Amino acid sequence: MESGSGNQEPLSWDELYKVDLMPSEFFFKFRKQVQGIRVGLNLEFYNAEINDFQAKLVLKPLAPERMWKFIYEPIHSDIRILSKKIPVTKFLNLQVGIGHNFQMHATGWKWKLSTCFGGDGISRIRNKTTLGLGPGVDLRFAWRADYVLPEVTGALGTNEPLFNLNSGRLEASLDRVEAIVSR
């Protein structure tokens, strides 16, 4: 993003700030605790370029030192065992997993480095916010904000303007809404 070169018209506020409140993912999660293990049934609806649906059965130990979770996707015939997110630094996590696809007769493993900061580590924030509606019923919102901070510059004795204001940019979106029912 260039800061104010001579003949450019300033951008309108609508071009500088965009907030999208229509989520592209809706999840309904049903959870039950059975002998130290949380059993979950996730129904996931994707409202992106193509409409898609996934169902998942998730088993996860309730102990604080839990190191894994098991996921079965009956539609895709996938099973996976994922480690919990392992902190590498204060803001960086590593997760590894192994899985098998019964339709393709294939076994493989994956790894993922993740952080609450995305993109270049400075200009994106991703987060989840949970709202308790009542005992055993929560709504969780996954949101994202991409931004460029405002910048004031100036110069004296050069061809640059004495005072220049770049008002920054913000693109925020509500990416996912999850309804979670626990028993």
Side-chain angles (χ1 to χ4, degrees), residues 1-31 40 42-56 58 69 71 73 76 82 84-97 110-182:
M1 178 189 261
E2 287 292 318
S3 55
S5 59
N7 296 336
Q8 289 183 345
E9 278 190 41
L11 297 172
S12 72
W13 287 104
D14 291 341
E15 293 172 311
L16 294 175
Y17 301 99
K18 177 182 163 192
V19 177
D20 183 7
L21 295 176
M22 179 52 78
S24 58
E25 301 174 353
F26 295 96
F27 289 9
F28 296 100
K29 296 182 175 185
F30 302 95
R31 297 176 174 166
N42 298 355
L43 304 175
E44 303 175 1
F45 300 90
Y46 299 95
N47 186 25
E49 294 84 35
I50 58 169
N51 292 325
D52 195 13
F53 167 78
Q54 274 189 10
K56 293 181 182 176
V58 180
K69 70 178 169 182
I71 301 171
E73 296 180 28
H76 300 289
L82 297 175
K84 75 177 208 172
K85 291 180 181 172
I86 303 161
V88 176
T89 67
K90 186 175 180 181
F91 298 109
L92 189 63
N93 298 311
L94 171 68
Q95 186 174 37
V96 295
K110 287 185 177 182
W111 59 272
K112 176 172 78 170
L113 283 173
S114 64
T115 179
C116 69
F117 302 110
D120 59 11
I122 298 171
S123 64
R124 174 176 282 180
I125 296 175
R126 292 181 302 178
N127 208 337
K128 292 181 183 174
T129 304
T130 302
L131 175 66
L133 297 179
V137 180
D138 295 322
L139 278 181
R140 183 163 43 194
F141 305 96
W143 57 271
R144 171 180 52 89
D146 296 324
Y147 61 91
V148 173
L149 293 173
E151 176 181 69
V152 179
T153 60
L156 188 59
T158 67
N159 271 345
E160 297 178 31
L162 177 64
F163 178 79
N164 191 17
L165 172 67
N166 176 344
S167 56
R169 278 187 193 269
L170 172 67
E171 289 188 18
S173 64
L174 178 63
D175 295 331
R176 177 191 303 171
V177 175
E178 300 177 5
I180 303 167
V181 178
S182 302

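All figures in this text were calculated on a predicted structure; none of them were measured in a lab.
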Quick one: sort the F27 and Y46 rings into parallel, tilted or perpendicular, breaks at 30° and 60°. perpendicular
Drop me the distance from F28's CZ to L43's CG, to the nearest 0.5 angstrom. 8.0 Å
Considering only heavy atoms from C-beta outward, does the side chain of N93 approach that of P87 to under 4.5 Å? yes
Nearest-0.5 Å distance that lies between atom CG in N47 and atom CD in E25: 10.0 Å
Under the side chain to side chain contact (heavy atoms under 4.5 Å, CB included) test, residues paired with F163 that sit two or more places apart: V152, L165
Residues at least two apart in sequence or cross-chain that pass side chain to side chain contact (heavy atoms under 4.5 Å, CB included) with K18, listed by chain then number, are E171
Nearest 0.5 Å, please: how far is CZ in F30 from CD1 in I180? 11.0 Å
Would you compute the distance between atom OG of S173 and atom CE of M22 and round it to the nearest 0.5 angstrom? 12.5 Å
Interatomic distance, CD1@I86 vs CG@L92, rounded to 0.5 Å, equals 11.5 Å
What's the separation between atom CD in Q95 and atom NZ in K85, rounded to the nearest 0.5 Å? 6.0 Å
L156, CG atom: more than 12 neighbouring heavy atoms under 6.0 Å: no
Testing the basics here: between L82 and G97, what is the closest heavy-atom pair and its distance to 0.1 Å? CD2-CA, 3.8 Å
Ignoring hydrogens, what is the shortest heavy-atom contact between L16 and G168? Give both atom names and the distance. CD2-O, 3.4 Å
Pairs satisfying side chain to side chain donor-acceptor pair (under 3.5 Å), at least one member in residues 131-143, at least two apart: T129-W143, R140-E178
